[in-house]
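Take a look at the structure set out below.
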Amino acid sequence: MKNTILVTGGAGYIGSHTCIALHQAGYEIVVYDNLSNSSREAINRVSHLIDQPLTFIEGDIRDAKALRQVFDAHQFFGVIHFAGLKAVGESVAKPLLYYNNNVSGTITLLEVMAEYDVKNLVFSSSATVYGDPETLPIDETAPRSCTNPYGQSKLTVEHILEDLAVSDTSWSLISLRYFNPVGAHPSGQIGEDPNDIPNNLMPYISQVTVGKLEKLSIFGNDYPTVDGTGVRDFIHVTDLAQGHVSALNYLEQLTSSRSPSDMAKSVGFLPINLGTGKGTSVLELVNAFTEVTGRDIPYQFTGRRAGDIASCYASADKAKVLLGWYAKLSVAEMCADTWRWQSMNPNGY
Ligand code: NAD
Ligand code: WQD
């Protein structure tokens, strides 16, 4: 049996898939989530898929007292920290909510981790911290900037983690910068379940395909890209989940190193991109989805969406060299698994 991991936000889209990958890798998991953007049904389904009850505690990362109870009850090797709000538009309307939840919440979590001397963290960062990139593919040394409160909250947490690593070298703080997570578990049992009309492209496409939404609006066909539509680095959520296992394995190897000449047992602040390294245009994704499902996807071109950039894709070299991780699944598999989840669960959980 491997170490025990606290998974904040583990009932959410990426967290639920990561719980399965962690379980398969032999980790013990404790999920801590306030269910503000997820449901108990996700926990039930993960339990079913791993064939044993998933330890779940309903709670908020801003609640230090509740967190201490969790840390009192378990001996954690580390924390994977997914908990956060993620809607860019909502963050513009409610910046205080986003800074409170994502930044203050993370500070509270880090304070409790320090109290219990748990100093291994894997944080959910985002390619959004790169703003409008100057060069492509984007590597981890690229300049960072953000134009909306959601992005600022991720960037601010990264700055906090950097300062923390300088103040105390026993911390290992891996910041995984996800590109565009899509897809679902191949069972069709768990997937992305937006509360409202989706903001993101893939759930919008799948809801049009299933007939819940009438037509996709493609935001701009005049970008300097292969076909004029935006280009992104779509990554299958199960590949992403595996990236978290690789990050933890890396930290475990480091901390278990017994060689006297190798005294480094922590990584400080370590940013790593999780992407495929390949760009796919909006139109290419729509065509791939049509091909996989055999269904027509009505769409129209509309103006650009405020704040959007033309192209964004990762250099995935650092993850491969350091973690031995790389994305394996194709765009066709991303579409097929999204469609299985959407058609089996037309109304989500
Ligand atoms: P999600 O909303 O499905 O999952 C986040 C989970 O955190 C939810 O279950 C929610 O209930 C929980 N949560 C939120 N605030 C909390 C709080 N204060 N206390 C306890 N639990 C709380 O989102 P996701 O897509 O799974 O994203 C997970 C993380 O990855 C987020 O931090 C997000 O910002 C980041 N991220 C997501 C994407 C993406 O496109 N999905 C891209 C880059 C980064
Ligand atoms: C992708 C492309 C749109 C919807 C966002 C966040 C980012 C990260 C991932 C968390 C763009 C186009 C979209 C639609 C469209 N999240 N599009 N019609 O904007 O790359 O990234 O999610 O960290 O922070 O900003 O993803 O899926 O919204 O858009 O034409 O109805 O699809 O213009 O080119 P984005 P997205």
Side-chain angles (χ1 to χ4, degrees), residues 7-18 31-40 42-43 57-63 66-67 80-89 91 97-98 100-102 104-106 108-109 123-131 146-148 150-151 153-154 157 175-182 190-195 197-205 207-208 213 215-221 223 225 229-235 237 240-241 244 274-275 280-283 285-286 299-313:
V7 184
T8 76
Y13 171 45
I14 303 169
S16 55
H17 290 82
T18 303
V31 171
Y32 186 82
D33 196 305
N34 67 1
L35 302 182
S36 58
N37 196 40
S38 50
S39 71
R40 253 173 213 282
I43 298 291
I57 298 151
E58 187 172 345
D60 197 295
I61 49 164
R62 291 164 294 183
D63 184 346
L67 274 177
I80 304 187
H81 178 30
F82 294 106
L85 299 173
K86 63 167 181 176
V88 173
S91 80
L97 175 68
Y98 271 67
N100 183 263
N101 200 78
N102 293 4
S104 301
T106 301
T108 302
L109 173 67
F123 171 62
S124 296
S125 189
S126 167
T128 194
V129 301
Y130 295 119
C146 287
T147 52
N148 60 71
Y150 166 71
S153 75
K154 291 289 169 191
V157 169
S175 189
L176 296 179
R177 296 176 179 156
Y178 313 151
F179 279 66
N180 287 60
V182 296
I190 59 168
E192 188 170 13
D193 183 19
N195 275 335
I197 294 176
N199 299 307
N200 296 115
L201 179 62
M202 187 64 119
Y204 207 105
I205 291 176
Q207 291 197 14
V208 169
L213 296 170
K215 191 188 276 189
L216 172 71
S217 291
I218 296 184
F219 302 140
N221 60 350
Y223 285 108
T225 60
T229 66
V231 165
R232 295 292 183 273
D233 186 340
F234 299 100
I235 174 165
V237 65
L240 199 64
H244 294 75
L274 292 186
T280 301
S281 78
V282 172
L283 215 42
L285 190 68
V286 171
Y299 66 83
Q300 62 188 359
F301 292 114
T302 62
R304 294 181 177 189
R305 183 171 66 178
D308 271 356
I309 56 176
S311 298
C312 174
Y313 52 91

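On a predicted model such as this, the values are computed, not experimentally measured, just so you know. Position 1 is the first residue of the sequence, and the numbers go up from there. For ligands, and for the atoms within them, numbers begin at 1 and follow the listed sequence.
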- Query: Closest non-hydrogen protein atom to atom 18 (N) of ligand 2, residue and atom name please, with distance?
  - Reply: S217 O, 2.8 Å
- Query: Taking atom 22 (O) of ligand 2 as the point of reference, which of N200, N180, T128, D233 owns the nearest heavy atom?
  - Reply: N200
- Run the numbers for me: atoms of ligand 1, each under 4.0 Å from some heavy atom of S125, listed by number. 43 (C), 44 (C)
- Any donor and acceptor pair, going by atom type alone, linking the side chain of S16 with main-chain N or O of Y13 inside 3.5 Å? yes
- Note on the structure: shortest atom 8 (C) of ligand 2-to-protein heavy-atom contact is with S126 OG, 4.1 Å
- Task: Could you pull out the closest heavy-atom pair between Y150 and V88, with the gap in Å?
- Result: CD2-CG2, 4.0 Å
- Item | atom 5 (C) of ligand 1: the protein heavy-atom neighbour that sits closest, reported with distance to 0.1 Å | G84 O, 3.8 Å
- Item | Heavy-atom closest pair, residues N199 and A87 | ND2-CB, 4.1 Å
- Item | atom 10 (C) of ligand 2: nearest protein contact (heavy atom, Å) | Y150 OH, 3.0 Å
- If you have a sec, work out which protein heavy atom is nearest atom 27 (O) of ligand 2 and how many Å separate them, to one decimal? L201 N, 2.8 Å
- What are the two closest non-hydrogen atoms of L216 and I205, and how far apart are they? CD2-CG1, 4.0 Å
- Message: Against ligand 1, does N101 come closer than 4.0 Å with any heavy atom?
- Response: yes
- Query: Quick one: does I61 get an N or O within less than 3.5 Å of an N or O on ligand 1?
  - Reply: yes
- Item | Backbone of F234 reached by a side-chain donor or acceptor of Y313 within 3.5 Å | no
- Hey, what do you get for OG1 (T280) to CG (D233), rounding to the nearest 0.5 Å? 7.5 Å
- Item | Heavy atom of K154, distance to ligand 1 below 4.0 Å | yes
- Message: As an exercise, identify every atom of ligand 2 less than 4.0 angstrom from a heavy atom of N199.
- Response: 4 (C), 28 (O)
- Query: Would you say A127 touches ligand 1, if touching means a heavy atom closer than 4.0 Å?
  - Reply: no
- Query: With a cut-off of 4.0 Å, which atoms of ligand 1 are near a heavy atom of L35?
  - Reply: 11 (O)
- Can you find an N or O of I14 that's nearer than 3.5 Å to an N or O of ligand 1? yes
- Message: Please report whether ligand 1 has a polar contact with P181, defined as an N or O pair separated by less than 3.5 Å (distance criterion only).
- Response: no
- Audit row: Y178, H244, ring-ring contact (aromatic ring centres under 6.0 Å, His included) steps and yes/no: CA-CA 11 Å; Y178 313 151; H244 294 75; 5.4 Å; yes
- How close does the nearest protein non-hydrogen atom get to atom 19 (O) of ligand 2, and which residue and atom is it? R305 NH2, 2.9 Å
- Query: Does D60, backbone or side chain, put an N or O under 3.5 Å from an N or O of ligand 1?
  - Reply: yes
- Identify, for atom 25 (O) of ligand 2, the protein heavy atom at the shortest distance, and state residue, atom and that distance. V88 CG2, 3.5 Å
- Counting only heavy atoms, which portion of T8 has something under 4.0 Å from ligand 1: side chain, backbone, both, or neither? neither
- Closest candidate by heavy atom, reference atom 2 (C) of ligand 2, pool I218, V282, V286, I205: V282
- Nearest-neighbour protein heavy atom for atom 4 (O) of ligand 1, which is reported as residue plus atom name and distance: G12 CA, 3.4 Å
- Query: Which heavy atom of the protein is the closest neighbour of atom 25 (O) of ligand 1, given with residue, atom name and distance?
  - Reply: K86 NZ, 2.8 Å
- Task: Using modelled atom types only, decide if a donor and an acceptor are shared between the side chain of N102 and the backbone of L85 within a distance under 3.5 Å.
- Result: yes
- Item | Atoms in ligand 1 flagged as close to S124, the criterion being non-hydrogen separation under 4.0 Å | 29 (C), 30 (O), 32 (O), 35 (C)
- Message: For atom 13 (N) of ligand 1, what is the closest protein heavy atom, and at what distance to 0.1 Å?
- Response: N34 OD1, 3.4 Å
- Task: Give the residue and atom name of whichever protein heavy atom lies nearest to atom 8 (C) of ligand 1, and the separation in Å to one decimal.
- Result: D33 OD2, 3.5 Å
- Between F219, Y204, F179, Y299, flag the one that comes closest to atom 14 (C) of ligand 2 by a heavy atom. F219
- Message: Below 3.5 Å, N or O to N or O, backbone or side chain included: is there any such pair between S38 and ligand 1?
- Response: yes
- May I ask you to check if ligand 1 and L85 share an N or O to N or O distance below 3.5 Å? no
- Considering only non-hydrogen protein atoms, determine which one is nearest to atom 3 (O) of ligand 1 and report residue, atom name and distance to 0.1 Å. Y13 N, 2.8 Å
- Task: Would you indicate which of Y150, F123, Y178, F82 comes nearest to atom 30 (O) of ligand 1 when only heavy atoms are counted?
- Result: Y178
- Minimum non-hydrogen distance to atom 2 (O) of ligand 1, winning option of N195, N37, T128: N37
- Message: Please determine whether any non-hydrogen atom of G59 lies less than 4.0 Å from an atom of ligand 1.
- Response: yes
- For atom 11 (C) of ligand 2, the closest protein heavy atom turns out to be R232 NH2, 3.6 Å
- Is the side chain of T302 donor-acceptor paired with the backbone N or O of S217 at a distance under 3.5 Å, no angle test? no
- Task: May I ask whether S36 has any heavy atom positioned less than 4.0 angstrom from an atom of ligand 1?
- Result: yes
- Could you tell me whether some N/O pair between S126 and ligand 1 is separated by less than 3.5 angstrom? no
- Item | Region of D308 that comes within reach of ligand 2 [heavy atoms, distance under 4.0 Å] | side chain
